[in-house]
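So the structure is just underneath, and the comments pick up after that.
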Amino acid sequence: MKVIRNHNHRVFLVKKHPMGKNYLAICLFGFVLSIRPLDAEELTHELIHAAQQRELLYIPFFI
């Protein structure tokens, strides 16, 4: 696993997502997992999900 730091955000590059699907990137509990480096628009999309999860204290976001 490789970690890419983009400002204050970390994107973890993985070969396969833990959810078993073929996603480009997924945000779980504030961590962004991606199969390749993200461009600015894709990173912004995932960071919006991270902010939504934080606002809901993580667990209710997934319910």
Side-chain angles (χ1 to χ4, degrees):
M1 179 183 331
K2 184 177 179 183
V3 179
I4 297 176
R5 291 179 185 245
N6 188 339
H7 302 284
N8 291 330
H9 312 290
R10 292 182 185 159
V11 176
F12 295 90
L13 293 180
V14 295
K15 292 184 180 183
K16 187 175 180 184
H17 291 297
M19 304 305 282
K21 299 285 182 177
N22 197 14
Y23 300 116
L24 170 62
I26 189 167
C27 184
L28 298 172
F29 301 100
F31 297 101
V32 177
L33 305 175
S34 177
I35 58 174
R36 67 166 171 78
L38 302 175
D39 64 25
E41 184 177 338
E42 294 162 343
L43 180 61
T44 300
H45 174 86
E46 294 304 324
L47 295 178
I48 288 170
H49 287 303
Q52 291 170 338
Q53 292 172 14
R54 229 181 354 265
E55 285 178 6
L56 293 172
L57 301 176
Y58 298 100
I59 300 300
F61 180 83
F62 295 102
I63 295 178

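Any value given below was found using the heavy atoms of this structure, including those in side chains, with hydrogens, waters and symmetry copies removed.
Applying the salt bridge (Lys or Arg N to Asp or Glu O under 4.0 Å) definition to pairs two or more places apart or across chains, those involving residues 40-59 are R36-E42.
In this structure, the separation between NE2 on H49 and CG on L28 is 11.0 Å, given to the nearest 0.5 Å.
In terms of hydrophobic clustering, with Ile, Leu, Val, Met, Phe, Trp and Tyr side chains grouped at heavy-atom distances under 4.5 Å, I48 and L38 are assigned to different clusters. Cluster membership check: L47 shares its hydrophobic cluster with L24, using side-chain heavy-atom separations under 4.5 Å among Ile, Leu, Val, Met, Phe, Trp and Tyr. There is a path of hydrophobic side-chain contacts, each under 4.5 Å, that joins Y23 to F12.
Of all heavy-atom pairs spanning Q53 and C27, the tightest one is NE2-O, 3.0 Å. The minimum heavy-atom distance linking P37 with L13 is given by the pair N-CD2, 3.6 Å.
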